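Keep in mind it's a predicted model, so treat the numbers as computed, not measured. Atoms within a ligand are numbered from 1 in the order they appear, just like the ligands themselves. For reference, positions follow the sequence shown, starting with 1. Only heavy atoms go into these numbers, but all of them, side chains included; no hydrogens, no water, no symmetry mates.
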Amino acid sequence: MQSKNKRAIVTGGTRGIGKAIVKELASKSCCGVLFSDVAFIYNSCDECAAEIEKEIGSLDTKIIGFKADATSLEDAQETVNAAIEKLGGVDILINNAGITRDNLLLRMSEKEWDDVINVNLKSVFNYTKAVIKHMVSQRYGRIVNIASVVGLIGNAGQANYAASKAGIIGFTKSVAREVASRNITVNCVAPGFIETDMTRNLNDKQRELLLQNIPMKRMGNPEDIARVVGFLCSPDADYITGQVIAVDGGMTM
Ligand code: NAP
């Protein structure tokens, strides 16, 4: 039984899947007896961050928001240092921050490519690099990277996004091999189509087409993803590393 809280950092924790992950890690049920104090990173919405601190934080669990651009290595290092100071260490990292800038390759601008690669992929390098020394020296760490089924099967109009998510999968497997002997696991969760701000703009026709490819005939919700992330951070998953778990209602079976 763990006697003290684990300490987690979650990037992109103010909305959608990230917010559900913050809640899951802070909740008693995610890992049996394990509670997590959570530092979450966000980019823009100060009010959202304050609301989450108030809504999820409790006497038992510290929830602290840090405003930082996840694309900057320097910011990541500063933020991780500040989070470690507030929480007393770091045991869990969830790389979740992500954006889309969809376009067919014929029309895709260099900025659309760079923005997506920087937020989705470089941020994973930044935060993993910033925590890994601490995890190696304490010989414990749980890292979960949020990829996408699009990184596995591709999607027309999302070459930038698919490349960033496939990159996360390769990164995950490589780092998992580097740090496995130090009791650090590194895994990916690959969501299918999940109801969040990211997918809110799909029109009825796009939704209908999507549902045709989902055997379970529904989009997922952020909690469907958060529960699997909670599992990967729990002692039940201590012997799982380098894996990609698709949570997609059967889309990619
Ligand atoms: P979302 O609702 O749009 O939330 C994105 C989060 O990322 C927000 O908290 C946002 O912070 C943060 N963020 C964006 N740019 C950032 C930056 N430069 N620095 C720091 N934080 C930044 O997205 P979501 O749907 O929950 O997606 C979360 C993750 O799941 C992403 O990696 C996404 O690619 C992946 N995913 C989503 C789906 C889906 O269907 N929704 C499917 C597969 C994979 P602010 O609020 O401050 O902007």
Side-chain angles (χ1 to χ4, degrees), residues 9-24 38-53 56 65-76 78-80 83 93-102 111 114-127 130 144-155 158 160-169 171-172 188-202 206-207 210-211 213-214 218-226 228-229 244-249 251-252:
I9 295 176
V10 180
T11 69
T14 39
R15 290 186 280 125
I17 294 171
K19 183 177 175 186
I21 292 170
V22 173
K23 271 193 185 166
E24 183 70 19
V38 185
F40 65 89
I41 318 303
Y42 66 101
N43 193 33
S44 55
C45 183
D46 296 322
E47 300 80 50
C48 309
E51 209 174 284
I52 290 169
E53 286 176 350
I56 308 175
F66 289 89
K67 191 170 188 168
D69 181 356
T71 65
S72 154
L73 177 61
E74 201 182 329
D75 278 16
E78 272 175 26
T79 309
V80 165
L93 169 67
I94 314 298
N95 283 307
N96 165 77
I99 58 168
T100 51
R101 296 287 181 269
D102 297 352
K111 182 165 171 24
D114 286 345
D115 286 352
V116 167
I117 297 296
N118 285 334
V119 177
N120 295 10
L121 181 58
K122 186 169 180 244
S123 71
V124 176
F125 164 79
N126 292 342
Y127 276 84
V144 181
N145 299 322
I146 306 301
S148 166
V149 291
V150 168
L152 296 168
I153 60 176
N155 196 21
Q158 289 199 308
N160 49 0
Y161 186 79
S164 72
K165 296 301 186 178
I168 288 176
I169 292 169
F171 178 88
T172 299
C188 276
V189 172
F193 284 90
I194 310 299
E195 299 272 10
T196 68
D197 291 347
M198 195 175 263
T199 49
R200 201 140 288 154
N201 292 334
L202 294 171
Q206 287 169 316
R207 261 170 208 272
L210 272 176
L211 291 179
N213 292 319
I214 304 175
R218 70 164 175 91
M219 288 179 72
N221 55 56
E223 291 72 26
D224 289 323
I225 307 304
V228 177
V229 172
V244 183
I245 302 186
V247 182
D248 63 359
M251 258 181 94
T252 56

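Under the 4.5 Å side-chain criterion, counting only non-hydrogen atoms from C-beta, V229 is not in contact with E24. Between N95 and I146, every side-chain heavy-atom pair lies at or beyond the 4.5 Å cut-off. Taking 4.5 Å as the limit, every side-chain heavy atom of I9 sits out of range of all side-chain heavy atoms of I94. Using a 4.5 Å heavy-atom threshold, the side chains of Y42 and I52 count as separate. Residues T100 and V116 have side chains not in contact (no heavy-atom distance under 4.5 Å, counting atoms from C-beta outward). When side chains are defined from C-beta on, V10 counts as touching V38, because their heavy atoms get closer than 4.5 Å. In this structure, T196 and R15 have side chains that are not in contact, with every pair of non-hydrogen atoms separated by 4.5 Å or more. Using a 4.5 Å heavy-atom threshold, the side chains of D248 and P191 count as separate.
When only interatomic distances are considered, the shortest N/O to N/O separation between D69 and ligand 1 falls below 3.5 Å. Taking distance alone, with nitrogen or oxygen atoms compared against 3.5 Å, G18 stays at or beyond that limit from ligand 1. Inclusion of I41 in the set of residues having an N or O under 3.5 Å from an N or O of ligand 1 is not warranted. Where the criterion is an N or O separation shorter than 3.5 Å, residue side chain and backbone included, Y42 fails it with respect to ligand 1. Considering backbone and side-chain atoms alike, T199 places every N or O at 3.5 Å or more from each N or O of ligand 1. Polar contact check, F193 against ligand 1: no nitrogen or oxygen pair lies under 3.5 Å apart. Residue contacts with ligand 1: T71 is placed with no nitrogen or oxygen under 3.5 Å of a nitrogen or oxygen of the ligand (distance criterion only). Not one N or O of V119 is nearer than 3.5 Å to an N or O of ligand 1, by distance alone. Distances between N or O atoms of S44 and those of ligand 1 include at least one value under 3.5 Å.
Annotation for ligand 1: atoms under 4.0 Å from non-hydrogen atoms of A70 are 17 (C), 18 (N), 19 (N), 20 (C). Taking every non-hydrogen atom of S148 and a distance limit under 4.0 Å, the qualifying atoms of ligand 1 come out as 43 (C), 44 (C). Residue contact check: I146 has heavy atoms under 4.0 Å from atoms 29 (C), 30 (O), 35 (C) of ligand 1. Those atoms of ligand 1 that come under 4.0 Å of a heavy atom in G12, given as number and element, are 6 (C), 7 (O), 9 (O), 12 (C).
When hydrogens are left out, the protein atom nearest atom 25 (O) of ligand 1 is T196 OG1, 2.5 Å; that is the closest non-hydrogen contact. Scanning the protein for heavy atoms near atom 13 (N) of ligand 1, the closest one is A97 CB, 4.0 Å. In this structure, atom 16 (C) of ligand 1 lies nearest to the protein heavy atom N43 CB, 3.7 Å. At the top of the distance list for atom 3 (O) of ligand 1, counting protein heavy atoms only, stands R15 NH1, 3.3 Å. Among all non-hydrogen protein atoms, the one lying nearest atom 34 (O) of ligand 1 is Y161 OH, 2.6 Å. The nearest heavy-atom contact from the protein to atom 5 (C) of ligand 1 is G98 O, 3.8 Å. For atom 26 (O) of ligand 1, the closest non-hydrogen atom of the protein is I17 N, 2.8 Å. Remark: minimum distance from atom 42 (C) of ligand 1 to any protein heavy atom is reached at G192 O, 2.9 Å.
Contact check on R207 versus E195 returns a salt bridge, with a Lys/Arg side-chain nitrogen under 4.0 Å from an Asp/Glu carboxylate oxygen. Salt-bridge check for D114 with K122: failed, with every basic side-chain N at 4.0 Å or more from each acidic carboxylate O.
Listed here is the closest heavy atom pair of I169 and A147: CG1-CB, 4.0 Å.
Ligand 1 has at least one atom lying under 4.0 Å from a heavy atom of A147. Assignment of K19 to the shell around ligand 1 is not supported, since no heavy atom sits closer than 4.0 Å. Note on ligand 1: A68 sits in its first shell, one or more heavy atoms being nearer than 4.0 Å. Ligand 1 has no atom lying under 4.0 Å from any heavy atom of A190. Taking a 4.0 Å cut-off on heavy atoms, C45 registers as neighbouring ligand 1.
Between the side chains of D102 and Q158, at least one donor N or O sits under 3.5 Å from an acceptor N or O. Defined by atom type and a distance below 3.5 Å, a donor-acceptor pair is missing between the side-chain atoms of T71 and N118. Side chains of T172 and N145: a donor on one and an acceptor on the other come within 3.5 Å.
Listed by chain and residue number, nothing satisfies the salt bridge (charged side-chain N to carboxylate O under 4.0 Å, His left out) test with R101 (two or more places apart in sequence, or in another chain).
When N145, D115, I194, T14 are checked for heavy-atom proximity to atom 40 (O) of ligand 1, I194 turns out nearest. Considering only non-hydrogen atoms, atom 32 (O) of ligand 1 lies nearest to N96 out of I168, N96, V116, L210.
Looking at V150, V244, N213, V149 one by one, the single match for side chain to side chain contact (heavy atoms under 4.5 Å, CB included) with T252 turns out to be V149.
Within 6.0 Å of the CD atom in E74, the count of heavy atoms belonging to other residues, nucleotides or ligands does not exceed 12.
Heavy atoms of M219 found under 4.0 angstrom from ligand 1: none, in either backbone or side chain.
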